[in-house]
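The structure under discussion appears below in the form of structure tokens.
Just so it is clear, the values below take in all heavy atoms, side chains as well, and ignore hydrogens, waters and symmetry mates. Throughout, protein chains are lettered first and strands after them, A, B, ... in sequence-line order, and every chain is numbered starting at 1. Given the structure is predicted, the values throughout are model-derived calculations rather than measurements.
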There are 2 protein chains.
Amino acid sequence: MAKEYPRIDITVDAVVFGYKPDEGISVLLIKRKKDPFKGTWAIPGGFVEVDESLEHAVSRELKEETGIEVNYLEQLYTFGEPKRDPRKRIVSVAYYALVKPDIYEVHAADDAEGAEWFNIEKLPKLAFDHKYILEMAIFRLRNKISYEPVGFELLDKHFPFSELHKLYETLYGKEIDRRNFKKKFLSLGILKELKEKNSGGKGRPGLLYQFDKDKYFQLKKKGIVFEI
Amino acid sequence: MAKEYPRIDITVDAVVFGYKPDEGISVLLIKRKKDPFKGTWAIPGGFVEVDESLEHAVSRELKEETGIEVNYLEQLYTFGEPKRDPRKRIVSVAYYALVKPDIYEVHAADDAEGAEWFNIEKLPKLAFDHKYILEMAIFRLRNKISYEPVGFELLDKHFPFSELHKLYETLYGKEIDRRNFKKKFLSLGILKELKEKNSGGKGRPGLLYQFDKDKYFQLKKKGIVFEI
DNA sequence: TTATTTTTGTGTAAATTAAACACAAATATG
DNA sequence: CATATTTGTGTTTAATTTACACAAAAATAA
């Protein structure tokens, strides 16, 4: 005799990170339009359709709810406590995503979507268990950049070294000696030094750099691990 | 107008690891009794009930299908490709678990349950996408022991240092200098040296050690990170 | 009994990596 | 044109990792 399993709904949620050197790390939140938690800020997300992959569901929901398209997406964790949604049993597969400055800035300007960026140091009260999810995402991102070159997903294609440096300082929450950091990072051999210089800054203009994805994958294939 | 979401079922799966110094790492598999993949080996698992947590579902299914109770359980990843199960859409939250040698040995002897241990180097053909899940679990375990003291969950409460050493060599798949490894591990300060000696071995009997959980959490709270 | 083999305990020197810091060069600003 | 700011390129010292030597405690073989 077949046992009848009551329905459990499955959703996806996404913690989207953006970065600006002078503002630090921000996340994209939406204001809930319905109960429960009507008017409270929440991580964007929604129900998974029966014939789409989880990643597809995330991308689709992000597009629908915030108008944003992300350039990096990775699964974070699945949250399934029976009472995490007061209405019914919902299991949520959470992802975290990264966007580059151009996307971040466009969507910071127009708030027609009802979506807003919040600095991770100044977060509002969040719906459901989203505070916990967000904290886990931040922790994961902090950790991830130490052994995989995902930081570039938060920077422009071409960037001055100081921006990469500042990103790591921001995420690690501590000062890192500029010269030692540069020495170590360059020794990894995954940065391409460009001819162009960074104009418009205050002091001496520095060279621009670019992440060399091919080189990185070559090294990875050889078993050489990235670590910073 | 409320949109009707077709049903997606949610299951949990568990990759259970066991260890014996002379046999290496093994995983617990069950032989499927029903189609699809009838007669093929698979990772134990099953449907989540509507009022139980995901962890509870894993523990319950493991007990039902293999008779085993694990001492360490952690979420691995959620697999949700639309076609991963030929019958219908199933999203599976995968876990990995560790058992101590006594449990491992008991269940290696009696195979009444239809569950069997397989060395991870000699795996049979697996159902669904379970090969992929298993590979990810192995990768994760290998990685995990490098920054969290989970190795003890595969050893007896008291163990000779050589067993810890051999465990790391097995998981890393390479030789590690015995003396340097011991020096480094002891310097972490999370092992308690016991008075007892390891009897019955071949050469000089070594002292037994025990994982000092309290010390570990003290250090962790201070922000001191375990790394081996 | 005694020599040999195996395994453990302890230590030391060399090599590598990380941390701390000095100073010159390029630009913007007063 | 002096000053402040930021970048580029080191060097020196400290800490960590790696490689390896050798004695001690048991089991086994002669």
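For A:F128 and A:F79, the ring centers are positioned 6.0 Å apart or more.
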Protein heavy-atom contacts under 4.0 Å, written 5' to 3' over nucleotides 22-30 of chain D as B (base), S (sugar-phosphate only) or - (none), form the string --BBSS---
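Although no hydrogens or angles enter the test, the distance criterion places no donor-acceptor pair under 3.5 Å between the side chain of B:E23 and the main chain of B:N119. Looking at B:D156, its side chain never comes within 3.5 Å of a backbone N or O of B:H158 through a donor-acceptor pair. Looking only at distances, no side-chain donor or acceptor of A:Q210 sits under 3.5 Å from a matching main-chain atom of A:K192.
Side-chain N/O atoms of B:N180 and base N/O atoms of D:dA19 include a donor-acceptor pair closer than 3.5 Å.
Within the 4.0 Å cut-off from OP1 or OP2 of C:dT10, not a single side-chain nitrogen or oxygen of B:K183 is found. Contact between the side-chain N/O atoms of B:S162 and the OP1/OP2 oxygens of C:dT7 is not found at any separation under 4.0 Å.
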Apply the test side-chain hydrogen bond (donor to acceptor under 3.5 Å, both in side chains) to residues A:Y209 and A:E193: give CA-CA distance (whole Å), side-chain angles for both, the deciding distance (0.1 Å), then the verdict.
CA-CA 5 Å; A:Y209 290 83; A:E193 194 175 86; 2.9 Å; yes
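If you take NZ of A:K184 and P of D:dG8, they are 20 Å apart, rounded to a whole angstrom. Rounded to whole Å, the distance from CD1 on A:I176 to P on D:dT7 is 15 Å. Atoms CG (B:L207) and P (C:dT7) sit 17 Å apart, rounded to a whole Å. To the nearest angstrom, P of D:dT7 lies 17 Å from CD of A:E196. Rounded to whole angstrom, the span from the CD atom of B:E193 across to the P atom of C:dG9 amounts to 8 Å. Atom CZ in B:F181 sits about 13 Å away from atom P in D:dT18, given to the nearest Å. Summarising the geometry, the separation between CG on A:D177 and P on D:dT11 is reported as 16 Å, rounded to the nearest angstrom. Remark: P of D:dT17 and CD of A:E227 are 11 Å apart, rounded to the nearest angstrom.
Residues A:Y172 and A:I145 meet the side-chain proximity criterion, which asks for heavy atoms closer than 4.5 Å. Within the 4.5 Å cutoff, no side-chain heavy atoms of B:L123 are placed close to those of B:K131.
Base-pairing analysis of DNA chain D finds the following stems of at least three consecutive Watson-Crick or G-U pairs, with both pairing distances under 3.5 Å: C:1-30 with D:1-30.
Salt-bridge annotation for A:R84 and A:D129: present, with a side-chain N of the basic residue lying under 4.0 Å from a carboxylate O of the acidic one.
The two residues B:D177 and B:H165 make their nearest non-hydrogen contact at C-NE2, 4.1 Å.
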